[in-house]
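Structure record follows, encoded as structure tokens.
All chains are named by letter (A, B, ...) in the order of the sequence lines, taking the proteins before the strands, and each is independently numbered beginning at 1. Just so we're clear, the structure is a prediction, and the values are computed from it rather than from any experiment.
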There are 2 protein chains.
Amino acid sequence: MTVTLADVAARAQVSPATVSRVLNGKYPVAASTRERVLKAVDELDYVLNGPASALAAATSDLVGILVHDIADPFFGILASAIQSEIGGSGGRAGGERLAVVCNTGGSPERELTHLTLLQRQRAAAVVLTGGAVEDAPHAAAVSTKLRKLTDAGTRVVLCGRPPAPGTGAIALDFDNRGGARQLTGHLIALGHRRLGCIAGPRERTTTRHRLEGHREALAAAGLEDDPHLTVHGHYDRRSGYEATVELLRRAPDLTAIVAANDTVALGACAALRESGLRIPEDVSVAGFDDLPFGIDAVPPLTTVRLPLAEAGARAGRIATGREEPPPGGITTLRGELMVRGSTAVPRR
Amino acid sequence: MTVTLADVAARAQVSPATVSRVLNGKYPVAASTRERVLKAVDELDYVLNGPASALAAATSDLVGILVHDIADPFFGILASAIQSEIGGSGGRAGGERLAVVCNTGGSPERELTHLTLLQRQRAAAVVLTGGAVEDAPHAAAVSTKLRKLTDAGTRVVLCGRPPAPGTGAIALDFDNRGGARQLTGHLIALGHRRLGCIAGPRERTTTRHRLEGHREALAAAGLEDDPHLTVHGHYDRRSGYEATVELLRRAPDLTAIVAANDTVALGACAALRESGLRIPEDVSVAGFDDLPFGIDAVPPLTTVRLPLAEAGARAGRIATGREEPPPGGITTLRGELMVRGSTAVPRR
DNA sequence: CTGTTAGCGCCTTCAT
DNA sequence: ATGAAGGCGCTAACAG
């Protein structure tokens, strides 16, 4: 009942192999034959059987994208950019590749599970986004899995995540440390001396790097790094709100807050406003990432712009073999300080 | 070199069939045998070949999700919710299903292309999100394709999109008309008489329904529907900005603006602010959807909350056969008016 | 440029 | 509860 390649071949009066060749391009076929085949395909309303091709060719047109949560614009923008570059020509069967998006919630277990699932699908490539967990056993497990994937011919790209040495994975990392240093440096230059810091979850690379940058800037200015001024939380609005309440309790004299990211910064703004504090007159606030909504905050959010779309696009191209990996398989993308209305000279 | 089912079978001293049965659950296998097989799987580090299973079983573990753009939180939230419900048990091989997210940009051509690609993958289900285009030929083409998919056993769910009669697709639609009516009604109740309306792209169902609701509210209040007060645009911030500039030019006396969605509303707010107008004192602004950032606008955005997460979760469950479709295969999810600071009584 | 021939790795009746 | 055997639909050498 279901139309197969053989049916098309019969109707076009050619061999199945020829039909296959026509459908997959990439092979010399006489124009007249091709037309006949295409006509038969059309008339029969034939649709190639993906699993069968994948089995025979030992590779699929699937590209896995691991994200913490696709509902988060940070990952949405990355995923969108990756996708925009994996379609089009270059592969088999019209070269259309499909993106398999996996929400991992940042959990290494789920990351591993999804990598296995993608391995099972014989994915052509896998892009891992977002910071990694800094737990040795987990990191090792992920590395082992990545190694297996690359060994099996799957291209693995780390996008916005530190390199995984020995895995054969290409890494496009963000310069979180440098960005954070610039940002805190900016606040210090404005005259701030008591800076609250809302950091992300402890065990993540992103958190550590941003925190290190922050501390480097403090150190460079000869400022003490008061541990009471740093609070850890998640990368969400609520964390920003709660951490700010806590920071204000601990240090009512702070004049600025650097948040783990833009979302957290919005939560911080909300808490400040509720405490009757004005932004930036009483307290300056800065975010990180430069997500689209930051510009519509009032005042607009000072932040560090990460080249998300660029990174995603590049990851997509590398994953599909349309762009050469960077030399050494590792490259770092810088952020750009975006000074806007939410930061200003401190009060008094 | 690559380990296969047969290798596992040999090592566990059972037949390939038994290994298959163990791996796919859903079949009586002696506990001792199962354990032996699982042990062999582990020792051999065996990973099932997805394409091969899919070919043999004539169905895959892939679920397609069509979105306009995954970078848009509206779709990100839907996709995230869908995904959260398609994993877990219920299917073959651990029941893990993977989400294939396709950006269509709302273009019917790309929608069709991606549906074909998913058909090629023998996707277990497809969820289409976002409003549909109201172009007869395109609508017919999409319907035909959906029919083919359902005929082939693929579950098709429309999420936030009107029913497609005769296709066998389940529809979970949002009550855009009712939501818009409430929203405009709210503004009229506040005393507004000159309401600007920034509508979405002309040829979309979502746009039409929201516009109809708006007009119904106007009519119910005996207000004239001045065509100059409606401007069409896209569902993005820039459209909101530009449309507002245009509306202010056409009708400097307007006291309220209802936007196509929250993103558009933010663009409108920006334009108003740049024109020196205060929100809501001079002009009230309302959005639609209730995306997370709306609450952080200053003042927070009055809007209509759509049950995105609920709709997505339900779509995911229906797509994976874990929930019964609604009677008649069609249901409408209501929105809820969220009155916040961006709307107030008109000036004077 | 096109046809022929073997599988790719698994599932699934049908027996036992 | 388990084994045996055939085939799912396509691609990839080889020939020619």
Side-chain atoms of residues 124-138 of chain A: list all donor-acceptor pairs with protein atoms under 3.5 Å, sequence neighbours left out, distances to 0.1 Å.
| residue | atom | partner | partner atom | Å |
| --- | --- | --- | --- | --- |
| A:Thr129 | OG1 | A:Leu66 | O | 2.7 |
| A:Glu134 | OE1 | A:Arg208 | NE | 2.8 |
| A:Glu134 | OE2 | A:Arg208 | NE | 3.0 |
| A:Glu134 | OE2 | A:Arg208 | NH2 | 2.7 |
| A:Asp135 | OD2 | A:His138 | N | 3.4 |
| A:His138 | NE2 | A:Glu109 | OE2 | 3.3 |

Note to self: With a 4.0 Å cutoff (strictly under), does any side-chain N or O of B:Asn49 reach OP1 or OP2 of C:dC8?
What the structure shows: no
Next item on the list: Provide, to the nearest angstrom, the distance between the CZ atom belonging to A:Arg36 and the C1' atom belonging to C:dT2.
Entry: 11 Å
Note to self: Using the side-chain heavy atoms of B:Ala17, tell me which of these nucleotides is nearest: C:dT12, C:dC1, C:dG9.
What the structure shows: C:dT12
Item checked: Interatomic distance where CG belongs to B:Leu5 and C1' belongs to D:dA5 [whole Å] -> 15 Å
Check: Taking the side chain as C-beta and beyond, is there a heavy-atom pair between B:Ile318 and B:Pro326 under 4.5 Å?
Finding: yes
Margin query: I need the full list of salt bridge (charged side-chain N to carboxylate O under 4.0 Å, His left out) pairs touching residues 11-24 of chain A, with sequence neighbours left out, sorted by first then second residue.
Written below: A:Arg11-A:Glu43
Margin query: Under a 3.5 Å threshold, yes or no: a donor from one side chain and an acceptor from the other, between B:Thr113 and B:Thr116?
Written below: no
Next item on the list: Ignoring backbone atoms, test whether A:Ser15 places a side-chain nitrogen or oxygen under 4.0 Å from the OP1 or OP2 oxygen of C:dG3.
Entry: yes
Notebook entry, point to check: Where each residue is assigned the nucleotide of DNA chain D containing its nearest heavy atom, which of A:Thr4 and B:Pro16 is assigned the position nearer the 5′ end?
Noted result: B:Pro16
Margin query: Just to be sure I understand the rule, does A:Val19 reach a base, reach only the sugar-phosphate, or reach nothing, if contact means heavy atoms closer than 4.0 Å?
Written below: nothing
Item checked: Touch class at under 4.0 angstrom, heavy-atom based, for B:Leu55 against every strand present -> base
Notebook entry, point to check: Starting at CG of A:Leu23 and ending at C1' of D:dA12, how long is that distance when rounded to a whole Å?
Noted result: 16 Å
Check: Does the C:dG3 base have a donor-acceptor partner in the side chain of A:Arg21 within less than 3.5 Å?
Finding: yes
Margin query: I'd like to know if the side chain of A:Ser84 pairs up with that of B:Asn103 as donor and acceptor (distance under 3.5 Å, no hydrogens or angles considered).
Written below: no
Check: In whole angstroms, how far is the P atom of C:dC1 from the CZ atom of A:Arg34?
Finding: 10 Å
Item checked: Sugar-phosphate, base or nothing in reach of B:Ala58, heavy atoms under 4.0 Å -> nothing
Margin query: When you measure from the side-chain N and O atoms of A:Ser20 to the phosphate of D:dA12, is any distance below 4.0 Å, counting only OP1 and OP2?
Written below: no
Next item on the list: Check whether any side-chain nitrogen or oxygen of B:Ser53 sits under 4.0 Å from OP1 or OP2 of C:dG9, and answer yes or no.
Entry: no
Next item on the list: Please report, rounded to the nearest Å, how far the P atom of D:dG9 is from the CG atom of A:Asp7.
Entry: 9 Å
Next item on the list: Measure from CD on B:Gln121 to P on D:dC8 and round the result to the nearest Å.
Entry: 20 Å
Check: Given atom CZ of A:Arg122 and atom C1' of C:dC8, what is their separation to the nearest angstrom?
Finding: 11 Å
Check: Would you say a side-chain N or O of B:Thr18 is under 4.0 Å from OP1 or OP2 of D:dG3?
Finding: yes
